[in-house]
Number of protein chains: 2
Amino acid sequence: MARGSFREQLLRVREDAIIESVNRLLAEKGFDLMTVDEVAADVGIAKASLYKHFASKEALAAAAMVRVLRKSAEVVAAQPADARAIDKLRAVTRWALQVQLAGEMPTLPSQNSSLRAELLGSAAYTDLLMQVSDELGAWIERAQADGDIEPALPGELVLYTLFARACDPVPGFLKAGGRFDDAQIVDMVLGTCFDGLRRRPERAS
Amino acid sequence: MARGSFREQLLRVREDAIIESVNRLLAEKGFDLMTVDEVAADVGIAKASLYKHFASKEALAAAAMVRVLRKSAEVVAAQPADARAIDKLRAVTRWALQVQLAGEMPTLPSQNSSLRAELLGSAAYTDLLMQVSDELGAWIERAQADGDIEPALPGELVLYTLFARACDPVPGFLKAGGRFDDAQIVDMVLGTCFDGLRRRPERAS
DNA sequence: GTCTATAAATCGATAGAC
DNA sequence: GTCTATCGATTTATAGAC
């Protein structure tokens, strides 16, 4: 499809700037503490102008979530087709941890009902979420068949456990401690996620 | 020390009722979505009366956190002295997961600064937190010496990983799925926490 | 200490001029 | 579409009678 008129492109660029601000503020303070005034000030436009682009605060958050889901889908798609499923899962999880440590992972409260309604009502959101879940789910089954992930674990458990790394508080705590750099933190959390806390007997790679 | 006059005991009972309500509302909706009006209505007293007992909304939340920390310290103290360190760590983590699944684990946003200030300013909170952390930390070192926890892992990482189970979103997701009961969920999450997702070779118990 | 009533501040959302 | 100005609702916190 065409990229649209010059005017439409300008609109698109502005909306990207808005979503970028929302994304960062959502990562910093969360949905409840983020105010629309703040978003407007951060973008550099008036609040009323913001509402010409997005109908509500919930719509702003939903747009940021769609954006991060789209990036996730890109990361998933970028994995080499011939790589082992377990390595692809590790790579995507690693990416999520890096984004979170960079302070760019928007996090939503799982309790806010108005926000849940807005998200579940957005096909762009639910479709992307299902797409990413399906692709990761296929990798999980493959990794279990490969003997790389414990076959006795339900696929849901594995999927949720990986998704949860995006809002894991452990990386932030470790970073606050100041004893480790981001790369070390990512490696350590990835390690506890896949290998657990227990001492492992050495294994064939 | 004496239990105080009858009047003081009544006061104590009422404050316990308040903290009980706050604890449940905090678990249900989180700090930001919990309103003081709601707490007052739930306890069955007027909001102004609530402020005679606690100086602010933050003080209410802090009292609930002190309460759950006290319970944690009790659970820690209740572990048999001759048990293996790894089993004691598992038992305490299991307890935290059960409380969370029961909807009784108060959760605080790590971003709210006014709340952070109130908590860090409360000696009752920080002292208990340090006490529990120290006791768990000693068990972690012991479990590493026993060869039950990977000795290469920093103690901080293990401690934070266990603490994080109290606000892990995975149990809630699994419960929402409806395919597992609470006991199964606790066992599965405990398993991924200590043993990871990877397929493990069978081990000597 | 408990109540009713209200102050004081914040926030989401909108009106209306340009 | 962008702005200024403001509404209406919500929320924390308090005043003052009893």
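Values reported hereafter were calculated over all heavy atoms of this structure, with side chains retained and with hydrogens, waters and symmetry mates removed. First the proteins, then the strands, lettered A, B, ... as listed; each starts at 1. This structure is a prediction, so every number in the text was calculated from the model and none was measured.
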Review point. With a cut-off of under 6.0 Å to the ring centre and 45° to the axis, is Lys57(A) in cation-pi contact with Phe31(A)?
Key: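 Yes, Lys57(A) sits over the ring of Phe31(A).
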Nearest-Å distance, [atom1] ([X]) to [atom2] ([N])?
| X | N | atom1 | atom2 | value |
| --- | --- | --- | --- | --- |
| Glu15(A) | dG1(D) | CD | C1' | 12 Å |
| Arg14(A) | dG1(D) | CZ | C1' | 9 Å |
| Leu50(B) | dC3(C) | CG | P | 10 Å |
| Leu33(B) | dT12(D) | CG | C1' | 15 Å |
| Lys52(B) | dC3(C) | NZ | C1' | 11 Å |
| His53(B) | dT12(D) | NE2 | P | 18 Å |
| Glu58(A) | dC11(C) | CD | C1' | 12 Å |
| Leu115(B) | dT12(D) | CG | P | 13 Å |

Point to revise | Residue-phosphate contact under 4.0 Å: Ser49(B) side-chain N/O, dC3(C) OP1/OP2 | key: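 It does, given that an N or O in the side chain of Ser49(B) lies less than 4.0 Å from OP1 or OP2 of dC3(C).
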Review point. According to a strict under-4.0 Å criterion, is Tyr51(A) in side-chain N/O contact with OP1 or OP2 of dA13(C)?
Key: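 Checking Tyr51(A) against dA13(C): at least one side-chain N or O falls below 4.0 Å of OP1 or OP2.
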Practice item. Go through dT4(C), dT4(D), dG12(C) for me and flag the one nearest to the Ala48(A) side chain. Key: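 Nearest nucleotide to the side chain: dT4(D).
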Check your understanding: Which of these nucleotides, dT4(C), dG12(C), dT11(D), is closest to any side-chain atom of Ala46(B)?
Key ->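 Closest nucleotide among those given: dT4(C).
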**Study point:** Heavy-atom pair of closest approach, residues Gln144(A) and Leu153(A)
**Key:**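 So the two residues come closest at NE2-O, 2.8 Å.
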Practice item. Heavy atoms only: give me the nearest Ser49(B)-Ile45(B) pair and the separation to one decimal. Key: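 Minimum heavy-atom contact is CB-CD1, 4.0 Å.
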Check ion pair [X]-[Y] (N to O, under 4.0 angstrom):
| X | Y | result |
| --- | --- | --- |
| Asp16(B) | Arg67(B) | no |
| Asp181(A) | Lys175(A) | no |
| Glu8(A) | Arg12(A) | no |

Practice item. Would you please say whether a donor-acceptor pair under 3.5 Å links the side chains of Ser114(A) and Asn112(A)? Key: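 Yes, side-chain donor-acceptor contact under 3.5 Å.
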Practice item. Answer with base, sugar-phosphate or nothing: what part of the nucleic acid does Thr35(A) contact at a heavy-atom distance below 4.0 Å? Key: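 Answer is sugar-phosphate: Thr35(A) comes under 4.0 Å of backbone atoms only.
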**Study point:** Helix axis bend for the helix from dG1(C)-dC18(D) to dC18(C)-dG1(D) - C1'-based end axes, five pairs, 10° rounding
**Key:**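 About 20°, once rounded to a multiple of 10°.
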